[in-house]
Structures are given as C-alpha cells and as structure tokens.
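Here's the structure we're looking at; comments come further down.
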Amino acid sequence: MPELPEVETIKRQLNREITGKKITGVEVLAVRTLRTSKAQFLEGVVGAKIKSVERRAKLLILNLNNGSSILTHLKMTGQYVYDGEAHKHTRVIFSFGPKLKIMFNDMRRFGYLKLVKTVDLPKFLANEYGPEPLEKSFTVQKLSEILKRRPNMKIKQSLMEQKLIAGIGNIYAQEACFMARVLPTRSAKSLKPDEIQKIYDSIRKVMTEAIKYGGSSAENYLNLYGKEGGFVPHLKVYGRGKEKCRRCGSILKTIKLGGRGTVYCEKCQK
DNA sequence: GTACTTGTTGAACG
DNA sequence: TCGTTCAACAAGTA
C-alpha cells in the first residue's frame, strides 16, 4: 500500500527520469482509470512537457508546461513502472519519444489520473489535506493542536486521517505507535505531552527511514524501476500479528480499528 | 467457497 | 453542520 514514503520514492525517480521530457503519446487501456474524459485528457497531455513532479500526501502531481497538472493516486495497488512490459493490469501508457514508456499498472483499479489546472491546486490541496509530516513547519505543537481537534478519536486513526495529517496510512500509523510505545487505541485527549512528543518523533523517524530504504513492499508496491522497497524487514508490527515482538519477545496482538487490521505489543505499548 | 487485505469516498447516523 | 462509523469499490491471496 503506497503511503508517503512509497509515493515519495516514485516522485524522486520520476523527477530523475521524466522531468523536462515531452509526452509524445498516451495510450488509455482502461477509461475508468481516468477521472477526466479521455478526449480532454489526451488533448491536455499529449505534446506537453513535464515541468516537475511533486508529491502531496499520497498524491503524485505531474506539472506540465501548459498550465495543467496530472493529479494521480496509486490507492492500493497502483504502480508507475519505467520501461516495463505492458500486462493484464496496465491501465495507461505514457510515451516519451520512440523508446521510453512509463506504464501505470493497477490491479485493483482504485487508482486514478485526473487533469487539473495547476493554478487551482494549492487551494484544493490545502482544503483536503493536513500538513506534511516531514515539513519543517510541522512541529510538535502543530501535532498537539491537530490532535485536540478530534479529542475522542483513537490515536492511530487520527494519524491516518488525511485532513489532519497527510500521507500516513495503515502501515506507518501502526509503526509510529509502536515506536512511540503508545497503544493505537488511546484517545487523543488521553495523551500526555511527552507521549505526543514521542509520537511526533516516531512519525518523522519512521517516515525518514522508510524513504531511505525506498518504502515498504508489503503488498505489491514497486518503484519506478519495477523493484521492491527494502523497508519490510524493518517493520516492527505491521503484518506481524501472532509473531514475537522484536523488542520484548511477547506475542503481538491483532485487533480491528476503524475496520482496518492493527497490530501492537501489549507489553511495550501503554 | 469464504474470509481477509486496504485508501478513499459518500451515505447514514445522532 | 459536524463528527464519526461503515459499506462499497476491486481483485487477488490464504
């Protein structure tokens, strides 16, 4: 499941490979993957150059040199793969000249691409998404204020709420709670300042580390070069229910929180 | 065959 | 209006 570190990895790789290049063709194999009519999409995209690639929350933003941007979300199983082979799950193919192609693959078809006006983006993004956890302006005070806005919400769910904080999903919310030694079920209002500080540090640390390893390929995430991320061996709780806690050796518990699987250590997390 | 996986949206509830 | 919960979406794996 691509979350901030995975999307950030793809963003950096896309910037390296396609920024400055001209989109010479687009092949749409699954029309429903587009959130813009096919005709409009092709008209707005073909012939344009990629000015830059950005990430906001889990969204990738491909800014074009004609005032439009492609807003794209990988959701659960989306992949951008450079020079791969098209296959059953390939939904859109971008061509950059006669040789280079980028495939958008998406097994579960939740992902999308949408053409928007670049100038409209800042307002839209500010409305829909909370602060970026790795930005300098995201301070522990900021996190504290954010948590106060939903005092009864369980901390793991607060961390995953995109309107409160951007980019954290089910994997890193669980990892951050473990690292902070706080139970995912604790209500926001029950957290003491030193616990909020630990959660803050943990979010930043786990995200930074995960980016360093190119993200986690827990399900089917692949980077632009079709390679898996290297962070899975570093995950402490996600996907490890009934296994031994790496810190204390006791058996990790699994519960459901907001309909999502949640693993934690009863002994280490309070 | 059944249960389970998840990011986001939109409906429904109080 | 707001916060919150929950089903739905899709398609694969165990």
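Just so we're on the same page: letters track the sequence lines, and every chain starts at 1. Computed over heavy atoms, backbone and side chain alike; hydrogens, waters and symmetry mates excluded.
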If you restrict it to nitrogen or oxygen atoms, what contacts under 3.5 Å exist between nucleotides 1-5 of chain C and the protein, and what is each distance?
{"from": "C:dT4", "atom 1": "OP2", "to": "A:Arg150", "atom 2": "NE", "distance (Å)": "3.4"}

For nucleotides 10-14 of chain C, print each protein N/O atom paired with a nucleotide N/O atom at under 3.5 Å, atom names and distance only.
{"from": "C:dA10", "atom 1": "OP1", "to": "A:Arg32", "atom 2": "NH2", "distance (Å)": "2.6"}
{"from": "C:dA10", "atom 1": "O4'", "to": "A:Arg108", "atom 2": "O", "distance (Å)": "3.1"}
{"from": "C:dA11", "atom 1": "OP1", "to": "A:Arg109", "atom 2": "NH1", "distance (Å)": "3.1"}
{"from": "C:dA11", "atom 1": "N3", "to": "A:Arg108", "atom 2": "NE", "distance (Å)": "3.4"}
{"from": "C:dG12", "atom 1": "OP1", "to": "A:His89", "atom 2": "NE2", "distance (Å)": "3.3"}

What does the list of N/O pairs under 3.5 Å between the protein and nucleotides 8-14 of chain B look like, with a distance for each?
{"from": "B:dT8", "atom 1": "OP1", "to": "A:His73", "atom 2": "NE2", "distance (Å)": "2.4"}
{"from": "B:dT8", "atom 1": "OP2", "to": "A:Lys58", "atom 2": "NZ", "distance (Å)": "3.0"}
{"from": "B:dT8", "atom 1": "O4", "to": "A:Arg260", "atom 2": "NH2", "distance (Å)": "2.8"}

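Grouped by direct or indirect side-chain proximity (heavy atoms under 4.5 Å, Ile/Leu/Val/Met/Phe/Trp/Tyr only), A:Ile251 sits alone. Summarising the hydrophobic clusters (Ile, Leu, Val, Met, Phe, Trp, Tyr; side-chain heavy atoms under 4.5 Å, direct or chained), the residues clustered with A:Met103 are A:Leu29, A:Ile93.
Residues that satisfy the salt bridge (Lys or Arg N to Asp or Glu O under 4.0 Å) test with A:Arg12, not counting sequence neighbours, are A:Glu8. A:Glu195 pairs by the side chain to side chain contact (heavy atoms under 4.5 Å, CB included) definition with A:Val182, A:Arg186, A:Leu191, A:Lys192, not counting sequence neighbours. In this structure, the side chain to side chain contact (heavy atoms under 4.5 Å, CB included) partners of A:Asn223, at least two apart in sequence or on a different chain, are A:Thr9, A:Gln13, A:Tyr221, A:Tyr225, A:Lys227. Residues that satisfy the side chain to side chain contact (heavy atoms under 4.5 Å, CB included) test with A:Lys212, not counting sequence neighbours, are A:Glu209. Partners of A:Glu145 by salt bridge (Lys or Arg N to Asp or Glu O under 4.0 Å), not counting sequence neighbours: none found. For A:Glu132, the side chain to side chain contact (heavy atoms under 4.5 Å, CB included) partners at least two apart in sequence or on another chain are A:Leu4, A:Arg55, A:Arg56, A:Ala57, A:Glu135, A:Ala166.
Heavy atoms of A:Tyr221 sit nowhere under 4.0 angstrom from any nucleic acid atom.
Within the structure, every pair that satisfies the salt bridge (charged side-chain N to carboxylate O under 4.0 Å, His left out) test and touches residues 247-256 of chain A, not counting sequence neighbours, is listed here: A:Lys253-A:Glu266.
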